[in-house]
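Here the structure is laid out as structure tokens; the discussion comes afterwards.
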Amino acid sequence: MNSKKLMWVMLAVLIGFAIFNVVSSFMGNQKNYNVVSYTDTYTFSRDVQTKIETKAKLAFDKTEDMEKAIEQFNQQSQQEQANAHAELLTKYSEGMAEPVKLVDYTSGLETLDGFLNIQNIVIVTGLSTNTGSEWVTGFGKNQLQLKDNSKLVFVFPEDAKIMNADPMPDETNGNVLTWFNRDQMNFPVVRYQ
């Protein structure tokens, strides 16, 4: 895997999966940006498909580093980015009864006020399952880190009844659950009807 693809695979992990631990192993000591804000919003329904919308704002130490990142991003087609994302889903699905599969992937970026803003919209299957009497979210034994202005948001149908959540969210607003500023946590398991 060449270094450009490796960087975007790493970024797909950063953007698509709430800053999993693997980010630091990909970047090592070469991190030349700071995460100003990061939000991963998972929208669940009573269906096997889940929409994941990710918004990240990055500040680079040097303008040329941001320009290089933009150039590398633009060198990867949407299909190449989607393929890398699908590979990661396969890897993180190991050991799960039903693997998480990519259905659709779009990604874009823009610069605004000296920041690099990245947005991904991903549709996947396998993050929610129907047990007959309820729906259950889950992503195996994968763990997350939510550091510095990062948050994970789960949105459920307005008429859904949330039975329980593990771990407990840091904030609840109706059927919107939010986790933030966690050094390490399991991917949330939420039971809902």
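On a predicted model such as this, the values are computed, not experimentally measured, just so you know.
Interatomic distance, S133 OG to M163 CE, rounded to the nearest 0.5 Å: 8.0 Å. Separating the CD1 atom in I52 from the CG atom in D104 is a distance of 11.5 Å, to the nearest 0.5 Å. A distance of 10.5 Å separates CZ in F156 from OG in S45, rounded to the nearest 0.5 Å. Rounding to the nearest 0.5 Å places CE of M66 at 9.5 Å from CG of L58. Atoms NZ and CG, on K57 and N34 in that order, are 13.0 Å from each other to the nearest 0.5 Å. The NZ atom of K161 lies 15.5 Å from the OH atom of Y192; values are rounded to the nearest 0.5 Å.
Side-chain contact between V36 and N149 is absent, with no heavy-atom pair separated by less than 4.5 Å. The shortest side-chain heavy-atom distance between V100 and Y92 does not fall under the 4.5 Å cut-off. Two residues are said to be in side-chain contact when any heavy atoms from C-beta on lie closer than 4.5 Å; P169 and T172 meet this criterion. Within the 4.5 Å cutoff, side-chain heavy atoms of F139 are placed close to those of M96. For the pair N117 and K55, the minimum side-chain heavy-atom distance is 4.5 Å or more. Between L144 and L152, the closest side-chain pair of non-hydrogen atoms falls below 4.5 Å.
Here the shortest heavy-atom pairing between F180 and S150 reads CB-O, 3.4 Å. Closest approach of F44 and P157 over heavy atoms only: O-CD, 3.4 Å. Between W179 and L146, the closest heavy-atom pair is O-CD1, 3.6 Å. For the residue pair E80 and Q75, the shortest heavy atom distance occurs at OE1-O, 3.7 Å. Taking every heavy atom of both residues into account, L89 and K101 meet most closely at CD1-C, 4.1 Å. Contact record, A165 with V190: CB-CG2, 3.9 Å, taken as the closest heavy-atom pair.
Shown here is N173, whose CG atom has no more than 12 heavy atoms of other residues, nucleotides or ligands within 6.0 Å. More than 12 heavy atoms of other shown residues, nucleotides or ligands fall within 6.0 angstrom of atom CD in Q78. Within a 6.0 Å radius of CD in E158, no more than 12 heavy atoms belonging to other residues, nucleotides or ligands are found.
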- Query: Do R182 and D170 pass the salt bridge (charged side-chain N to carboxylate O under 4.0 Å, His left out) test, and can you show the C-alpha distance, the side-chain angles, and the key distance before you say yes or no?
  - Reply: CA-CA 10 Å; R182 303 267 185 129; D170 296 302; 3.1 Å; yes

Practice task
Let me see the working for V103 and Q49 under side chain to side chain contact (heavy atoms under 4.5 Å, CB included), right down to the final yes or no.
Solution key: CA-CA 8 Å; V103 175; Q49 289 192 352; 3.8 Å; yes

Please evaluate residues N120 and S107 with respect to the criterion side chain to side chain donor-acceptor pair (under 3.5 Å), reporting the C-alpha separation (whole Å), side-chain torsions for both, the decisive distance (0.1 Å), and the verdict. CA-CA 4 Å; N120 281 10; S107 182; 2.5 Å; yes

Q: List the steps, then state whether side chain to side chain contact (heavy atoms under 4.5 Å, CB included) holds for I70 with L116.
A: CA-CA 8 Å; I70 293 167; L116 181 61; 3.8 Å; yes

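The pair R46-D159 meets the salt-bridge criterion, since a charged nitrogen lies less than 4.0 angstrom from a carboxylate oxygen.
Remark: the backbone N or O of D47 is paired with a side-chain donor or acceptor of S128 at under 3.5 angstrom. At least one donor-acceptor pair under 3.5 Å links the side chain of T137 to the backbone N or O of P188. Listed for the N130 side chain is a donor-acceptor partner under 3.5 Å among the backbone atoms of G132.
Note on I123 and L88: separate hydrophobic clusters, where clusters join Ile, Leu, Val, Met, Phe, Trp and Tyr whose side-chain heavy atoms are under 4.5 Å apart, directly or indirectly. Put simply, Y33 and F115 are part of two different groups of oily side chains (I, L, V, M, F, W, Y) that touch within less than 4.5 Å, one to the next.
With hydrogens and angles left out, the side-chain atoms of N83 and Q79 include a donor and acceptor closer than 3.5 Å. In summary, the side chains of Q81 and Y105 do present a donor paired with an acceptor at a separation below 3.5 Å, with no hydrogens or angles considered.
Here the rule is side-chain contact (heavy atoms from CB on, under 4.5 Å) with T50, and of T125, V122, L127 only L127 fits it. A side-chain contact (heavy atoms from CB on, under 4.5 Å) with T41 is found for one member of V176, V155, I121, T178 and no other, namely V155.
Using the six-membered ring where Trp is involved, F154 and Y42 have ring planes that are tilted, between 30° and 60° apart.
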